[in-house]
Amino acid sequence: MPSVTMTVNGKQVSGDVEGRTLLSTFIRENLDLTGTHIGCDTSQCGACVVHVDGRSIKSCTLLAVQAEGADVVTIEGLADGEELHPMQEAFRDCHGLQCGFCTPGMVMSAVDLLNVNPDPSDHEIREWLEGNICRCTGYHNIVKAVKQAAQTMRGQAAAAE
Amino acid sequence: MSETGIGASVKRKEDKRFLTGQGNYLHDIERPNQSYAYILRSPMAHAKINGIDTAAAAAAPGVLAVFTGADTAELGGIPCGWGVNNKDGSPMAEPKHPMLAEGKVRHVGDQVAVVIAETYEQAKDAAELIDVDYEELPAVVDMVKAISGDGPLVHDEAADNLCYDWELGDEAEVNQAFDGAAHVVSIDVTNNRLVPNAMEPRAAIGEYDKATGEYTLYTTSQNPHVIRLLMGAFVLGLPEHKLRVVAPDVGGGFGSKIYHYAEEAIVTWAAPKVGRPIKWVAERTESFMSDAHGRDHITHADLALDAEGKFLGLKVYTKANMGAYLSTFSTCVPTYLHSTLLAGVYTTPKIYSEVKAIFTNTVPVDAYRGAGRPEATYLLERLVSKAAWELGIDQVEIRRKNFIPKDAFPYQTPVALQYDSGDYDATLDKALELADYAGFPARKAEAAQRGKLRGIGFSTYVEACGIAPSAVVGSLGARAGLFESANVRVHPTGSVSIFTGSHSHGQGHETTFAQLVSETLGIPLDNIDIVHGDTNKVAFGMGTYGSRSLAVGGEAIMKALGKVTDKAKKIAAHIMEASEADIEFKDGKFTVAGTDKEMAFGEIALAAYVPHNFPHDQLEPGLEEQAFYDPMNFTYPGGCHICEVEVDPDTGVVEVVGMTAVDDVGRVINPMIVEGQIHGGLAQGIGQALLEACVYDEDGQLVTGSYMDYCMPRADDLPDFKAATTETLCAHNSLGVKGCGEVGAIGSPPSVINAVLDALRDRGVSDIAMPATPQAVWKALKAAETPMAAE
Ligand code: FES
Ligand code: FES
């Protein structure tokens with residue numbers, strides 16, 4: 001079995017995996033980080049989105065061995081200790097989640113959107129999140145949450161300058 | 001209003017764990033030494049099994065056991081929970097639904113064998129080595145063909161593939177109403193088959209404890225106690241005290257996780273045989289071919305009207321697809337949840353409904369968000385709009401003219417239900433205002449300048465939920481009661497655990513229920529814990545579906561809380577040496593009327609567990625109460641949905657540009673959560689109307705078996721919603737609540753299709769089926785352009 005080493009949520013981890021093991025499986029089963037969810041088998045639901053080297057990616061589209069040496073952040077690594085990330089906070093404030101199953105992927109995807117576009121329009125948010133399916137919320141409150149987070153984060157960025 | 005009580009948009013208690021990846025879904029549970037199951041499913045819609053050779057699979061690496069129908073044939077079938085009788089009083093056809101196929105497979109995805117191995121991959125690899133000798137049989141998918149007399153038989157014991165032929169009302173009497181009618185408007189509609197697609201796939205872990213003889217099933221269920229009852233009593237013959245069912249965080253249900261499924265029985269039954277816990281998690285493809293599907297009705301309906309447009313009578317003839325086997329609630333969906341709703345919000349005096357339930361070689365069909373009520377609302381609201389167009393009456397006018405007036409409640413419909421409260425003009429008025437109906441002609445004209453066809457569509461609806469009064473459903477064939485239980489445990493330091501039989505899988509019970517407690521006992525939310533989803537913790541429960549959690553489960557909690565405060569008053573009276581009648585309880589404090597004596601709730605709680613001077617003959621120690629609540633009637637939320645669309649005539653693309661929903665769901669406990677529930681329902685309703693269709697080909701192959709082919713609503717398919725509520729209180733429960741989980745999915749689909757038809761009307765299009773995809777719309781436009789060339 002090949003072994004693989006990467007950084008996950010700031011910690012270096014390694015493990016033995018089969019060649020066919022997906023990054024999503026490695027994260028869930030080897031690392032026991034079960035916040036990354038599996039909602040489909042055709043790479044279309046987005047429940048498994050994590051950040052790899054700073055960009056959002058569906059972790060079921062990558063083999064674990066392809067992430068060799070990568071810097072991975074999962075939903076468990078987003079908050080700063082007890083303090084929620086502004087995106088997590090906004091999802092809670094705006095009721096952007098119900099059953100919570102799509103939520104980790106949705107949040108990770110939305111955070112990446114704000115990295116590349118700090119002030120997205122409703123339309124841009126909806127287009128960006130097209131790869132994340134939510135069956136519960138109808139997306140209305142998710143869009144609202146992303147806008148709120150964008151505003152908070154722009155405020156934080158301005159304050160830091 | 002307190003910040004944490006009834007009416008406050010309290011942020012959800014459950015969110016932090018979900019937002020930080022700490023949710024505990026079934027797939028996340030690892031039992032010590034667990035093994036993994038893979039279910040081998042039929043690739044054929046209909047075939048005889050002449051033999052199954054499992055030897056190679058059993059010898060494959062890591063394999064612990066392989067089982068087939070031969071091993072489980074002695075066990076009971078997966079039961080149906082509702083008996084429906086034919087017109088002549090004879091019982092419905094109810095063939096066995098085996099947990100593993102016995103001699104025959106009847107739909108693509110039917111479970112044929114299970115392989116249990118050290119790892120999931122090993123189990124799956126080994127399953128490929130199973131040699132099933134199938135003899136393919138002709139399959140029947142189409143309902144009309146199935147009952148034509150010469151279609152293949154899904155079950156030998158169901159002649160003509162008929163499960164039942166049922167009716168409600170007196171057809172001859174309704175025909176008389178038609179005789180005197182000035183107009184008769186008719187419609188043929190199909191309610192498209194849907195795949196529920198909760199984002200968390202179903203999963204189960206079966207476990208057996210040799211020392212205690214206790215079985216545990218962890219499962220993705222909306223109602224663990226119901227699963228315990230169905231699986232324990234009817235399938236495996238296990239007594240309840242030796243069977244624990246746990247449904248932890250569940251990632252959405254929408255009905256699809258109500259039912260008892262074969263995989264639950266398989267892993268539970270096999271666990272002691274393998275001597276290890278067995279975990280099964282569905283792949284999405286399996287969900288498509290094994291989760292119960294929804295809807296799938298074909299209906300013809302006739303509406304009789306007088307010269308002024310008043311409804312005189314309604315006749316509805318429905319064919320309902322049951323799929324290959326009867327799922328738990330399947331049989332009551334087209335009958336008691338559909339036909340009884342055909343009065344809608346109108347005073348139609350005479351109604352007749354006939355339902356033929358039909359077996360086909362497809363996945364079983366059962367309740368999906370709304371269950372029967374979306375089908376009734378769809379045909380009725382399509383018919384009403386069609387009548388308005390045909391008679392040249394305004395869409396709003398025809399509805400108002402026929403509304404049950406607000407002073408007519410309680411209102412007895414001709415189809416069994418008695419509506420307790422409502423004000424349909426109020427919801428309509430508010431919706432017209434929010435949707436700016438008055439401004440529609442200007443918007444239409446503006447759209448026309450851009451080459452777009454703009455249309456507006458209405459749906460005014462009522463639904464029956466808060467399921468359900470046991471006596472009523474019992475008389476209609478339900479094999480269970482539909483009450484709910486609650487237990488309130490006050491701990492010595494004044495914090496409270498609530499044990500509820502309701503199950504939250506997105507609804508936010510941990511917050512809404514806690515608000516009921518905070519309001520009643522005057523304690524902060526942090527001191528309240530809502531416990532659900534474990535038969536070893538919660539006394540009993542019928543679970544969550546049919547918008548029943550608050551109206552039934554919440555009422556049970558209120559009833560138990562009432563018992564707790566009664567007892568607490570007794571304790572307070574004893575300690576403060578007052579008469580019980582003088583004790584008042586408000587804002588978390590017990591006071592003696594006319595004095596300044598008071599004790600906080602926490603002090604009474606402590607006293608209850610430190611009963612040093614309790615009079616033993618009058619006062620028991622402790623503060624914990626149990627209640628069962630059985631509703632007296634269904635609840636009847638209703639409202640008005642108005643959809644506005646723009647159609648691009650060149651591409652057929654329909655864009656929803658406005659979606660307004662005004663719903664009367666009774667008293668609202670948490671407005672934020674209620675709005676979220678309505679949004680979710682609207683998304684599923686728009687999905688049904690424009691995007692989603694479960695398609696089988698003639699041979700029974702599932703064409704839409706993944707997200708590649710089944711069109712789920714995505715963020716860029718949907719608009720912002722305008723959702724609001726009006727309030728008439730439920731007349732028969734203490735909170736005045738009605739339920740909000742299904743309204744969005746029930747009310748919206750006809751509003752969307754009516755809007756599409758309104759947009760296309762000028763171009764000569766008078767009918768379109770769901771989902772109104774770009775292709776369907778474009779074809780309808782082309783066919784209307786050149787009527788001869790249609791087809
Ligand atoms: S699990 Fe990765 S996209 Fe669905
Ligand atoms: S919150 Fe349930 S799928 Fe999005």
Side-chain angles (χ1 to χ4, degrees), chain A residues 18 20-21 28-29 32-45 47 74-79 84-85 87-89 91-107 122-123 125-144, chain B residues 9 11-12 14-25 27-28 30 121 196-201 249-254 281 283-287 504-508 672-673 675-684 686 706-708 712-721 723 744:
Chain A
E18 287 188 68
R20 63 179 167 177
T21 302
R28 289 182 53 84
E29 283 170 22
D32 203 22
L33 294 170
T34 54
T36 298
H37 294 157
I38 309 299
C40 74
D41 45 13
T42 49
S43 289
Q44 279 162 318
C45 75
T74 71
I75 190 72
E76 289 91 343
L78 194 61
L84 295 181
H85 184 278
M87 187 63 74
Q88 292 169 311
E89 201 66 73
F91 266 67
R92 181 163 191 267
D93 277 354
C94 301
H95 190 29
L97 67 155
Q98 292 182 21
C99 79
F101 197 80
C102 73
T103 309
M106 197 68 83
V107 166
D122 281 25
H123 182 72
I125 296 170
R126 286 182 182 275
E127 294 239 297
W128 180 276
L129 295 178
E130 191 262 351
N132 293 78
I133 305 177
C134 173
R135 192 53 149 171
C136 296
T137 63
Y139 305 102
H140 178 110
N141 286 343
I142 290 177
V143 174
K144 209 164 129 190
Chain B
S9 281
K11 306 287 178 242
R12 299 200 322 169
E14 43 273 84
D15 284 355
K16 190 166 179 201
R17 73 172 185 275
F18 294 144
L19 282 163
T20 52
Q22 304 304 312
N24 182 35
Y25 300 91
H27 197 175
D28 306 339
E30 299 260 328
E121 289 73 20
N197 270 308
M199 290 318 296
E200 178 204 24
D249 285 330
V250 171
F254 317 109
V281 180
E283 298 183 17
R284 178 59 58 184
T285 312
E286 289 184 275
S287 309
S504 184
H505 30 280
Q507 295 87 343
M672 176 191 83
I673 289 177
E675 221 176 87
Q677 287 294 308
I678 293 170
H679 290 169
L682 292 175
Q684 289 176 0
I686 296 171
S706 80
Y707 291 146
M708 305 280 282
M712 291 285 280
R714 291 168 185 267
D716 57 352
D717 294 316
L718 296 172
D720 270 351
F721 304 122

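Quantities reported herein were computed from a predicted structural model and do not represent experimental measurements.
Between the side chain of A/Gln88 and the main chain of B/Leu19, a donor-acceptor pair closer than 3.5 Å is present. Formation of a donor-acceptor pair under 3.5 Å by the B/Arg284 side chain with backbone atoms of A/Asp41 is not found in this model. In this structure a side-chain-to-backbone donor-acceptor pair under 3.5 Å is present from A/Arg135 to B/Pro196. In this structure, A/Gln44 contributes its side chain and B/Met708 its backbone to a donor-acceptor pair below 3.5 Å. Proximity of a side-chain donor or acceptor of A/His95 to a complementary backbone N or O of B/Gly676 within less than 3.5 Å is not detected. A/Tyr139 places no side-chain N or O within 3.5 Å of a backbone atom of B/Ala683 that could act as its donor or acceptor partner.
The parts of B/Glu121 that come within reach of chain A are both its backbone and its side chain, each placing non-hydrogen atoms under 4.5 angstrom from that chain. At a 4.5 Å heavy-atom cutoff, the contact between B/Gln22 and chain A is made by side-chain atoms alone. The parts of A/Arg92 that come within reach of chain B are both its backbone and its side chain, each placing non-hydrogen atoms under 4.5 angstrom from that chain. Neither the backbone nor the side chain of B/Glu675 comes within contact range of chain A, judged by heavy atoms closer than 4.5 Å. Neither the backbone nor the side chain of A/Leu78 comes within less than 4.5 Å of any heavy atom in chain B. Heavy atoms closer than 4.5 Å to chain A are found in both the backbone and the side chain of B/Leu718. If you measure heavy-atom distances from A/Asp122 to chain B, the contacts under 4.5 Å come from the side chain alone. Both the backbone and the side chain of B/His27 come within contact range of chain A, each with at least one heavy atom under 4.5 Å from a heavy atom of that chain. Contacts between A/Ile38 and chain B at a heavy-atom distance below 4.5 Å involve backbone atoms as well as side-chain atoms. Both the backbone and the side chain of B/Thr285 come within less than 4.5 Å of a heavy atom in chain A. Only the backbone of B/Val250 comes within less than 4.5 Å of a heavy atom of chain A; no side-chain atom from C-beta onward does. For A/Thr137, the part sitting under 4.5 Å from any heavy atom of chain B is the backbone (N, CA, C, O) and nothing else. For B/Ile686, no part lies near chain A; criterion is any non-hydrogen pair under 4.5 Å.
How far CD of B/Gln677 is from SG of A/Cys136: 8.0 Å, rounded to the nearest 0.5 Å. Considering CD of A/Glu89 and CG of B/Asp15, their distance stands at 10.5 Å, rounded to 0.5 Å. Between A/Lys144 atom NZ and B/His679 atom NE2 the span is 7.5 Å, to the nearest 0.5 Å.
The shortest distance between side-chain heavy atoms of B/Met672 and A/Asn141 does not fall below 4.5 Å.
Note: A/Ile133 leads A/Ile75, A/Thr42, A/Ile133 in heavy-atom pairs under 4.5 Å with chain B. Looking only at heavy-atom pairs under 4.5 Å with chain B, the residue among A/Leu129, A/Thr34, A/Thr36 that has the most is A/Thr34. Top candidate by heavy-atom pairs under 4.5 Å with chain B, chosen from A/Gly35, A/Cys99, A/Cys40, is A/Cys99. Of the listed residues (B/Ile678, B/Leu682, B/Asp249, B/Asp720), the greatest number of heavy-atom pairs within a distance under 4.5 Å of chain A belongs to B/Asp720. Ranked by heavy-atom pairs shorter than 4.5 Å toward chain A, the options B/Gln507, B/His505, B/Met712 are led by B/Met712. The residue among B/Ser504, B/Gly21, B/Gly506 with the most heavy atom pairs within less than 4.5 Å of chain A is B/Gly506. Considering only heavy-atom pairs separated by less than 4.5 Å from chain B, the leading option among A/Ser43, A/Gly100, A/Pro104, A/Cys102 is A/Gly100. Of the residues considered (A/Glu127, A/Glu18, A/Arg20, A/His123), A/Arg20 shows the highest number of contacts with chain B, using heavy-atom pairs under 4.5 Å.
Using cut-offs of 30° and 60° on the angle between ring planes, the pair B/Tyr25 and A/His37 is perpendicular.
Annotation for B/Met199 and A/Cys45: closest pair CE-CB, 3.6 Å, computed over non-hydrogen atoms. Closest heavy-atom contact between B/Gly251 and A/Phe101: CA-CB, 4.0 Å. The two residues B/Lys16 and A/Leu84 make their nearest non-hydrogen contact at CE-CD2, 4.2 Å.
Note on B/Asp717 versus A/Arg126: no salt bridge recorded, every NZ/NE/NH1/NH2 to OD/OE distance being 4.0 Å or above.
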